[in-house]
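See below for the structure under consideration.
Every heavy atom of this structure was used, including side-chain atoms; hydrogens, water molecules and symmetry mates were not.
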Amino acid sequence: MTAEIDLPAYFQRIDHHGSTAPTYATLAAIVRAHAAAIPFENLDPLVGRTPALDLAGLERKLVRDGRGGYCFEHNLLLSHVLRALGFQVRGLAARVIWNQPEGRITPRSHMLLHVDLDGGPHIVDVGFGGLTLTGVLRLVGDVEQSTPHEPFRLVEEGGYFRMQALVRGEWGSLYRFDLQEQFQPDYEVTNYFLSTHPGSHFRTGLIAARALPDRRLALRGRDFAVHHLGGETERRALESTAELRRVLADEFGIAVPDDPALAQALERLPR
């Protein structure tokens, strides 16, 4: 399944020129480069188009066409790459709890990866938008772990792990997951729901994110934020559709499609 992947094209896309041996150092370098080079974005779901999750579709969009995607696209593409390099990888699913009321039960709508290394099991996730994990976490509970951006930790609770990030001096919970393996059909079902259901936030608003070495970029609707490492944040509203397209292209590195449906969707975003 992974033999067909074009590894040289992927490595060129993320500007990775280092080792490809299945080691922790290689994994950390690829994760960091992927998060910086390939943005999180929902332009397809925004116009009601379901992203393709087969390998050919993932390579076409994220590698050759200069686009980004959301969690299924990012982490499935990365899983193909890692398996081709000899890593042992399993897909997992998580319930997003970021900015949700305490105790609310949310669906398993997020994808992440479990990677076995000589030092034990690790967690990788290059598809969580504004707080995408730019490092590799050991699968251990209640230990603060450094990443190229914020510190992260996994809080173990009753057979689950709660992913947390240290944001502005406080630990925030991003999602909760267990270790039950998920497969392509599991992601296909959720992918279809999130990209077509009229109540899905991927259908109703624009979202983009990118994790550069010294800052995180985030776009929600017309609100553009630059979060610098160290705490300073710059914010501004993007009033025109032309400015939206420029920021998506120049700041997030997205080859924005010349699509009338997308132009209409961007114009409809609340001002």
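A donor-acceptor contact under 3.5 angstrom links the side chains of His34 and Tyr10, judged on distance only. Side chains of Asn75 and Tyr187: no donor on one and acceptor on the other come within 3.5 Å.
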Under the salt bridge (charged side-chain N to carboxylate O under 4.0 Å, His left out) criterion, do Glu156 and Arg162 qualify, and how do the steps go?
-> CA-CA 6 Å; Glu156 195 167 2; Arg162 187 183 290 256; over 6 Å; no

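With sequence neighbours excluded, the residues satisfying ring-ring contact (aromatic ring centres under 6.0 Å, His included) with Phe177 are Phe161.
Residues near Tyr160 contribute nothing to a hydrophobic cluster around it, because no ILVMFWY side-chain heavy atom sits closer than 4.5 Å to its side chain. In this structure, Trp171 belongs to a hydrophobic cluster whose other members, linked by side-chain heavy atoms under 4.5 Å apart, are Leu166.
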Return all side-chain donor-acceptor pairs below 3.5 angstrom for residues 132-145, not counting sequence neighbours, or 'none' if the list is empty.
residue	atom	partner	partner atom	Å
Thr132	OG1	Phe128	N	2.9
Thr132	OG1	Gly129	N	3.0
Thr132	OG1	Gly129	O	3.0
Thr134	OG1	His149	ND1	2.9
Gln145	OE1	Arg138	N	2.8
Gln145	NE2	Arg138	O	3.0

Please tabulate, for the side chains in residues 108-121, all donor-acceptor contacts under 3.5 angstrom to protein atoms that are two or more places apart in sequence or on a different chain.
residue	atom	partner	partner atom	Å
Arg108	NH2	Asp178	OD2	3.2
His110	NE2	Asp125	OD1	3.4
His110	NE2	Asp125	OD2	2.7

What pairs of donor and acceptor atoms, side-chain ones from residues 86-95 against any protein atom, are under 3.5 angstrom apart with sequence neighbours left out?
residue	atom	partner	partner atom	Å
Arg90	NH1	Leu179	O	3.1
Arg95	NH1	Thr106	O	2.8

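In the displayed structure, Arg203 atom CZ is contacted under 6.0 Å by more than 12 heavy atoms of other residues, nucleotides or ligands. The number of heavy atoms from other shown groups lying within 6.0 Å of CZ (Arg168) does not exceed 12. Applying the 6.0 Å contact sphere to CD of Gln12 captures no more than 12 heavy atoms from other residues, nucleotides or ligands. Other residues, nucleotides and ligands place more than 12 heavy atoms under 6.0 Å from the CG atom of Asp250. More than 12 heavy atoms of other shown residues, nucleotides or ligands fall within 6.0 angstrom of atom CD in Glu234.
Ring centroid separation for the pair His122 and Tyr24 comes in under the 6.0 Å cut-off.
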